[in-house]
Each structure stands twice: as structure tokens, then as C-alpha cells.
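Just so it is clear: chains get the letters A, B, ... in the order the sequence lines come, proteins before strands, and each one is counted from 1.
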Amino acid sequence: MAEYLDALTYIVSSPTNLFFIVFSVIWGIAFGSVPGLTGIVGVALLIPFTYAFESEQSLLLLGGVYVGATFGGSISAILFNTPGSPEAACTALDGYPMAKRGEAGKALGIALASSAIGGIFGTLVLMLLAPPMAQLALEFGPPEYFALAVLGISAIASIGGGSVLKGLTAGLIGLGIATVGLDPITGMGRYTFGNNMLLTGISFVPVIIGTFALAEVLTRVGEGNKSSTAITDVSTKLPSRKEMKDSTGTLARSSVIGAIIGALPGVGATTASFISYSEAVRWSRHPEKFGTGVPEGIAAPESANNSAVGGSMIPLLALGIPGSATTAVMLGGLTVHGIIPGPLLMEQNTRLVYSVFIAMMLANVLMLAFGVRAARYFALILTVPYAYVGPAIIVMCMTGVYGLNGNMVDIGVMLAFGVVGVLLRVMKYPVASFIIGLVLGPIAEKSLRQGLMIADHSYLEFAARPITATLLLLSLASLLYGFYGQYKLARDRRKDGPLADTAD
Amino acid sequence: MTFHSIIKPTAIAALLGSSMIAAPALAQDDYPSRSVEVVHQYGPGGGTDRFVRAVAQPFEEITGESMVSISVQGGGGIPAVVNFTQRPADGHSLMAISPAQIIAHVQGRIDMADFKPLARVQYDQALIWVPADSEFETIDQFVQHAKDNPGDLKIALSGAAGFDEITVGLFGLEADAEFVTVPFSSSEMVSNTLGGQVDAMFEEYGPARGLYDSGDMRPLVVFSEERLPVLEDVPTATEKGWDVTLGRWRAFAMQAEDSEENAEALYADIEEAVAAESYKKFEEQNALQYRSELLGPDEFQTFIEGEIETYTTVLRELGYIE
């Protein structure tokens with residue numbers, strides 16, 4: 001308790017500290033919401049600036065940016081189907097359809113409330129359970145990562161909006177595309193057709209920008225001027241208590257998943273949001289409605305990715321290992337201040353650690369206030385005719401995608417996947433399955449191969465670990481249950497006569 | 001849409017370069033006249049990014065111009081080199097190079113002739129670390145176990161088929177022992193070693209120092225010519241009769257077409273920046289002071305030639321190249 005008091009006194013005693021927290025949340029939301037400017041860029045740009053301040057102050061600043069940026073991405077995802085950051089890609093799946101239905105305000109409200117709940121949960125876990133959680137994370141070796149990825153991937157069949165075949169196909173295409181580039185173990189090129197620039201692989205950000213944003217603009221342009229599709233209601237409404245109550249299960253489940261996945265080194269908010277989306281579909285009573293704009297489809301990824309923020313600070317502070325790309329940048333910033341990352345960091349820098357706890361808590365609360373405001377400003381763009389907004393989105397996407405890595409191939413990938421995105425939509429293949437395959441495929445592949453190397457290529461030794469076996473059995477049960485559901489559906493349809501079949 | 005193979009941009013850069021060669025001579029007193037961008041293949045927050053930023057801080061005070069770290073990640077470093085060679089050779093674009101470029105050159109993926117060596121600043125040394133509860137107290141026990149049980153010991157390292165894997169591979173050859181190397185990202189490498197999923201890891205002293213201080217990891221051997229003053233009990237591989245002293249170095253290179261005048265001017269600035277107190281402090285914090293001797297353009301060129309020779313031999317022995 002004394003540590004908290006000391007840290008609180010430290011924060012409150014200086015107006016600079018309070019200003020930093022406020023500023024960082026706004027800065028974070030801004031960077032999160034613009035495609036191509038992710039939270040990592042937001043944090044990296046501030047690092048040189050932090051040289052001039054104390055280490056506590058620099059971490060207050062960076063922590064706040066991290067919190068804000070993770071929510072910020074959902075604004076553009078919901079309003080323009082343009083995920084501002086990778087971790088918000090999942091939010092677009094249901095957020096944008098809801099906005100298109102004329103309920104943009106509601107969608108933003110759900111995203112904001114879920115972000116705050118997830119964020120506060122993640123921070124609480126960080127404050128209360130950091131050492132045991134860090135130990136839990138160390139139990140996760142490659143086999144556990146593999147099983148986790150498989151669990152997420154096993155949901156691709158159920159996301160098909162009713163069609164197992166389409167869900168599986170789209171998911172497998174995603175898995176296939178993920179294999180382009182450097183082999184994660186041997187370092188050799190795969191499917192690069194002699195083009196060395198393709199060694200980078202088909203990167204995730206250009207693909208999501210292409211399949212979501214570009215495909216949306218192309219579709220809108222193809223539809224012509226239909227005012228009915230214009231998003232009108234944009235006043236952000238936080239969900240009512242009853243609506244929140246309906247999502248309690250989803251919020252609780254996703255927040256827990258987010259905190260755990262966040263704490264695992266090497267995987268972060270993006271993985272957390274997709275796995276919790278898969279789980280939301282799996283546990284839902286109406287899985288076929290996902291992708292059409294259901295509240296749980298927004299609540300799950302947003303609570304998970306914000307909870308992962310607190311989670312990814314756990315290995316950073318408890319072990320000195322960054323749990324995500326953003327925390328890796330933070331760590332770099334800390335070493336400039338002479339802080340040696342390692343298990344002693346928490347003991348040796350009590351005030352620093354507790355100030356971050358408090359700052360992240362404050363940042364999550366502030367996010368609620370600023371989020372409403374930021375969404376309102378962004379919504380003003382919607383009053384501009386789409387003839388101007390559409391091309392502007394394309395320009396933003398192109399510069400953003402190029403700016404991320406200075407690689408021209410990424411622009412090509414984005415353009416190609418714009419067309420893929422349109423095709424997937426026209427042929428009614430679920431984009432969600434495709435993206436899940438793309439995100440989780442590389443994790444599954446890499447960890448399977450690492451795990452087998454460690455287990456001397458014995459599949460039994462690989463799978464006979466408590467966490468791995470449990471997760472794999474769960475995936476198997478879920479797959480069987482899914483197929484049984486399909487079988488029952490088909491049987492019932494046959495009983496009802498051939499007419500019911502055409503109703504789709 | 002067609003994309004340039006890696007050869008073409010080089011040709012373009014050569015063309016651009018020849019047309020620009022006259023320009024810098026005019027602005028001699030004024031060089032550098034705008035911010036100097038340093039391209040590299042690693043992520044923000046990594047060792048190379050921090051290296052550039054640490055030099056940048058005093059560099060800005062000395063020249064009045066900023067030095068910016070540009071991260072072009074992925075693809076085994078090829079996109080970073082392409083990005084670099086496509087820039088105009090006007091002295092304002094540098095690349096932070098390391099053994100990764102030498103390895104890519106030996107594998108025929110890039111050409112070191114595209115670079116004009118400017119300054120080698122850091123020369124790090126790596127160690128083999130085992131978790132605190134490991135059964136191995138000394139490197140001899142470790143190697144003996146590997147000899148008795150070929151392939152039983154798993155060593156985690158960061159990155160596939162790169163500097164780490166080559167150094168550990170050479171160690172295996174020299175010690176006549178078979179290790180299995182498992183590539184991870186650098187954070188997963190640490191968590192898998194701490195969690196006991198693998199037997200050991202390969203890492204430099206700086207990043208692993210926190211784990212040593214807390215007693216969570218124990219170093220067994222250092223790959224350097226001399227023992228580290230801070231780890232006096234840890235033997236070098238050379239003492240044990242295994243000739244492995246490869247180390248990760250970090251350096252600046254200009255484009256091959258950049259002018260000599262600019263190279264000299266910039267080297268003088270870097271020399272001053274590296275001698276600055278803030279950089280010295282950084283060097284010490286990261287435990288880089290032990291064999292980091294600053295090499296100027298000519299010495300660095302000789303050093304690179306030696307490295308190419310060394311890595312060609314090692315890569316051939318390990319079967320990476322014919």
C-alpha cells in the first residue's frame with residue numbers, strides 16, 4: 001500500500017506528470033486511429049523526447065500511448081472499415097456492419113466501454129498478479145503456443161455464416177498465404193518466385209488494409225451513389241446497463257484470454273483479439289450472426305486487445321522480457337535511463353513500477369472521456385460525400401502501408417488483397433476465417449516445428465503436456481461438435497422437405 | 001506490376017550516384033546539411049536501433065543535424081538493403097551494418113561492394129547461458145554431455161540461419177559436439193530458457209545482464225579473445241581449445257558512390273560522437289566497452305574483408321554454401 005501512496009504522491013505532485021498522462025492518451029488514440037501509424041510508431045516517436053525526463057515520466061508517457069492506441073484503432077475500423085492498427089482488424093468484422101446499419105454510435109460505444117473494461121481488467125491483473133502470471137507464461141513453451149493457435153484456428157469452420165465449406169476454404173487460403181516468405185526455422189525463401197523482396201512475406205497489415213479498407217472502397221464505388229448506405233447516426237452512446245449485462249460472459253472471457261495471451265512473449269493484442277473472437281463465436285447461441293454486426297463481435301476483440309496491454313507489461317516488469325512489439329520499444333527507452341531489464345526490475349524500481357500501474361489505470365478512465373470526443377471528430381468526416389472520402393482513404397492506406405516498412409512490395413500486396421477482399425465478399429466467403437488463418441497460421445507453424453525440434457521429433461512427447469493436451473482436446477471437441485451441428489441441421493432440413501433448403 | 005530484383009536497384013543507385021557525385025563537393029562546409037537517415041533491418045527498441053539512437057544523441061549536438069533510425073524489417077534484411085541502395089548517394093543516407101550483411105553477401109543475396117565502410121563502432125561478445133536450476137555448472141560438463149548424447153542439448157537463439165546459428169554451429173564443430181539450435185524471437189528465447197523448455201541460450205552480456213544479476217541465469221562460456229572483467233570465472237572458448245571468437249559488431253556504412261570528402265567529414269563527426277560522455281555511458285550500460293574499438297573507413301574495410309573470409313569458411317563448413 002505504501003508503494004501505491006508513494007507513487008500516487010509522486011504523480012500528483014507534479015503537473016507535468018498529469019499532463020503527460022492526458023497527452024499520452026490523446027496521442028495514442030490519434031496514432032491508433034490512423035492506418036499505418038500504429039501504437040509502436042507512436043511510442044517510438046516519443047522515445048527521443050523522453051531522454052530529457054525522468055524514467056518514471058517516460059514510462060507514464062509510453063504506457064498511456066499504449067493504452068490509447070489500442071482503443072484508437074477501433075474508431076476507423078468501425079467508421080470506415082479501415083483498421084487503424086492491426087489489433088483493431090477484428091473489430092471491423094462486426095463494428096462496420098453495425099455502423100452501416102445506421103448504428104455507428106452504438107458500435108463505437110460498445111468498443112469504448114469494452115476497451116475500458118478490458119483495459120482496467122488487464123491493469124488489475126498486472127497490479128495484483130504479475131509474478132504468478134509471469135511464472136504461468138514461462139510454462140508456455142512452443143507446444144502450448146501451437147495448441148493455442150490451433151484452438152483459435154479450429155473456429156474457422158464455425159464462422160462461415162452457416163457454410164462450413166466456405167469457412168474452411170477461406171481459413172485454409174489464409175493459412176496458405178501465411179507460408180510465403182522466409183521459412184521461420186531454416187531461413188530459406190518460400191514461394192518468392194525469385195523475388196527477394198517477397199522474402200518479407202505477405203505481411204499482415206497490408207493484407208488487412210487491402211481486404212478491409214480497399215475492398216470496402218471498391219465495393220462502395222461499384223454500388224454507385226446509394227444514400228441508404230451512408231452512416232448517419234454517429235453520436236457515440238455508451239451501452240446501457242442491460243446491454244452490458246448481455247455481454248458479461250463475452251467480456252469476462254475475452255478479458256481473461258487477453259490478459260493471458262498478452263503475458264506470453266511473442267504474441268500480443270492482435271492474437272488475443274482474434275482468439276477471443278473465435279471463442280465468442282464458439283460460445284455464442286447464434287454463431288451464424290457474427291459478421292453481421294452483433295455486439296459480442298465488437299466486445300470480444302476490444303476487451304481482449306486492451307486487456308492484453310496490461311498483460312504484455314507483465315513479462316516486461318516481472319522478468320524484463322517484452323511481451324509485445326510495443327513493450328520492446330518501451331524497454332529500449334528504459335535502458336536509455338540506465339534501467340537494467342531483468343527480474344530485479346520490479347524490486348529495484350518500485351516507484352517506477354507503481355507509477356505505471358496508476359498511470360495505466362488513469363489512462364483507461366481518461367480513454368472513456370477522450371474516446372467519445374475523438375469518435376465525434378472522426379465522425380465529422382462522414383458528413384463529407386463519399387466521392388471525396390473514398391479516394392482519401394485509399395491515399396491514406398497507401399502512404400500508411402508504405403510508411404510502415406518502406407517496402408514497395410507491401411503496396412502491391414495491399415492492392416492485390418483489395419481485389420481478393422472484393423472477391424471474398426461477392427462469393428460470400430467469410431473474411432474473418434481468412435484473417436484468422438493468416439494471423440494464427442505462422443504461430444502454429446513456427447511453434448509446431450520448434451516444439452518438435454525440442455521433443456526430438458516425437459509427436460507424443462510434444463502433445464503429452466497438460467496445457468497442450470487440454471487445449472488440443474478442446475479444439476477437437478469443438479470441431480466434432482461443430483460437424484455434429486451441421487449434420488443435425490442437414491438432417492432436420494431433409495425432414496422439413498426440400499423447400500426449406502432454398503430458404504438459406 | 002513488377003518489382004525489381006535486388007540487382008536492378010543497385011544499378012539504378014549506381015546511375016543516381018554517378019549523377020550526384022559532383023553535388024556534395026559544392027556543399028562541403030555545409031555537410032551534413034539535413035538529417036542523416038540510418039537504415040537498418042531490425043525493429044525499434046532492438047540493439048541496432050538503440051545503437052543508432054545512442055550515437056544520434058551526441059551527433060546532433062556536434063553537427064546540429066539530426067540522425068534518424070529507419071527500421072525496414074523482415075525478409076532476412078534484404079528489403080533494408082534494397083531500401084538503402086535506392087536512396088541518392090548524397091551522404092545523407094547511411095546503413096547500420098552487422099555480420100548479417102556479411103552472411104547475406106557470402107550467401108550471394110547482397111553485394112558488400114554496394115557499401116562504403118565508414119565506421120565500426122561496437123564489437124559485442126556473446127555467451128552460452130543456462131538457467132539457474134540447470135545440471136551444468138561448467139562448459140566442460142555441457143560439452144561432455146553433448147558428446148555422450150548427440151542432439152540431446154537444445155540451445156535457443158534468436159533468428160533463423162543468422163549470426164547466432166552460425167556461431168553456435170561453429171562452436172559445435174570446434175568442440176566436436178552436436179547441439180540442436182532452436183530459433184526464436186529474442187523475447188521467446190529468454191522465456192523458453194527460463195521456463196526450462198530448452199537447455200541453454202546464446203546471448204550477449206548486455207541484454208542478459210539483468211538475468212545474471214538476479215541469479216536466474218548462469219554463463220558457461222564467452223566467445224571472445226579474452227575473459228570479461230565482470231565475469232572473471234567464465235572461460236573463453238579459445239582457452240578450451242575451441243577457436244570461436246565471432247562477435248556481433250555494429251557499424252555505419254555509406255553508399256559505394258558516396259564521396260571520400262563526405263566520408264571523412266562524417267567519420268570525424270562520428271568519432272567525436274562516440275567519444276562523447278553520453279555515448280560512453282550507453283556503452284557501459286550495455287557492456288559493450290570490452291572489445292569495441294572504433295575502426296575508421298580503411299581499417300574497417302580491411303576488417304570486412306577478413307570477416308568475409310571467415311564467414312565463407314564457416315558457412316562452407318556448416319554446409320550453408322557449396
Part of [X] within contact of chain A (heavy atom distance under 4.5 Å):
| X | value |
| --- | --- |
| Val180(B) | side chain |
| Ser69(B) | neither |
| Asp213(B) | both |
| Tyr212(B) | neither |
| Glu284(B) | neither |

Contact summary for [X] and [Y], nearest pair of heavy atoms:
| X | Y | answer |
| --- | --- | --- |
| Asn192(B) | Pro142(A) | OD1-CD, 3.2 Å |
| Ala160(B) | Gly187(A) | CB-N, 3.9 Å |
| Arg465(A) | Gln197(B) | NH2-OE1, 2.8 Å |

Find the one option among Pro265(A), Gly342(A), Gly201(A), Gly332(A) whose heavy-atom pairs under 4.5 Å with chain B are most numerous.
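The candidate making the most pairs under 4.5 Å is Pro265(A).
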
For chain B, the option from Gly141(A), Gly181(A), Pro343(A), Gly266(A) that forms the most heavy-atom pairs under 4.5 Å:
Pro343(A)

Hey, which of Gly47(B), Pro207(B), Ser187(B), Gly206(B) has the most heavy atom pairs under 4.5 Å with chain A?
Ser187(B)

Using a 4.5 angstrom heavy-atom cutoff, name the option from Gly74(B), Ser214(B), Gly196(B) with the most pairs to chain A.
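Among Gly74(B), Ser214(B), Gly196(B), the one with the most close pairs to chain A is Ser214(B).
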
Under a 4.5 Å heavy-atom cut-off, does chain B meet the side chain of [X], its backbone, both or neither?
| X | value |
| --- | --- |
| Pro315(A) | neither |
| Ile454(A) | both |
| Pro322(A) | both |
| Thr335(A) | both |
| Ile40(A) | side chain |
| Leu138(A) | both |
| Tyr145(A) | side chain |
| Gln450(A) | both |

Atom [atom1] of [X] and atom [atom2] of [Y]: how far apart are they, to the nearest 0.5 Å?
| X | Y | atom1 | atom2 | value |
| --- | --- | --- | --- | --- |
| Leu344(A) | Asp216(B) | CG | CG | 7.5 Å |
| Arg50(B) | Ile47(A) | CZ | CD1 | 10.0 Å |
| Asp152(B) | Asp456(A) | CG | CG | 6.5 Å |
| Glu165(B) | Ile185(A) | CD | CD1 | 9.0 Å |

Take Ile321(A) and Met189(B) through the test side chain to side chain contact (heavy atoms under 4.5 Å, CB included) and record every step on the way to the result.
CA-CA 10 Å; Ile321(A) 310 170; Met189(B) 171 186 77; over 6 Å; no

Taking atom NZ as the centre, does Lys280(B) end up with more than 12 heavy-atom neighbours from other residues, nucleotides or ligands that are less than 6.0 angstrom away?
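More than 12 within 6.0 Å, yes.
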
Gln289(B), CD: over 12 other non-hydrogen atoms inside 6.0 angstrom
yes

Would you confirm whether Gln285(B), through its side chain, and Ile339(A), through its main-chain N or O, come within 3.5 Å as a donor-acceptor pair?
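Flag not set: sc Gln285(B) to bb Ile339(A) has no pair under 3.5 Å.
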
Close side-chain approach of Val267(A) to Glu188(B), heavy-atom, < 4.5 Å:
no

Close side-chain approach of Ser191(B) to Phe140(A), heavy-atom, < 4.5 Å:
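No, their side chains stay 4.5 Å or more apart.
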
Candidate pair Leu319(A) and Val190(B), rule side chain to side chain contact (heavy atoms under 4.5 Å, CB included), full reasoning
CA-CA 9 Å; Leu319(A) 300 169; Val190(B) 177; over 6 Å; no

With side chain to side chain contact (heavy atoms under 4.5 Å, CB included) as the criterion, how do Gln86(B) and Met408(A) come out once you've worked through the C-alpha distance, each side chain's angles and the decisive distance to 0.1 Å?
CA-CA 12 Å; Gln86(B) 280 173 340; Met408(A) 266 311 282; over 6 Å; no

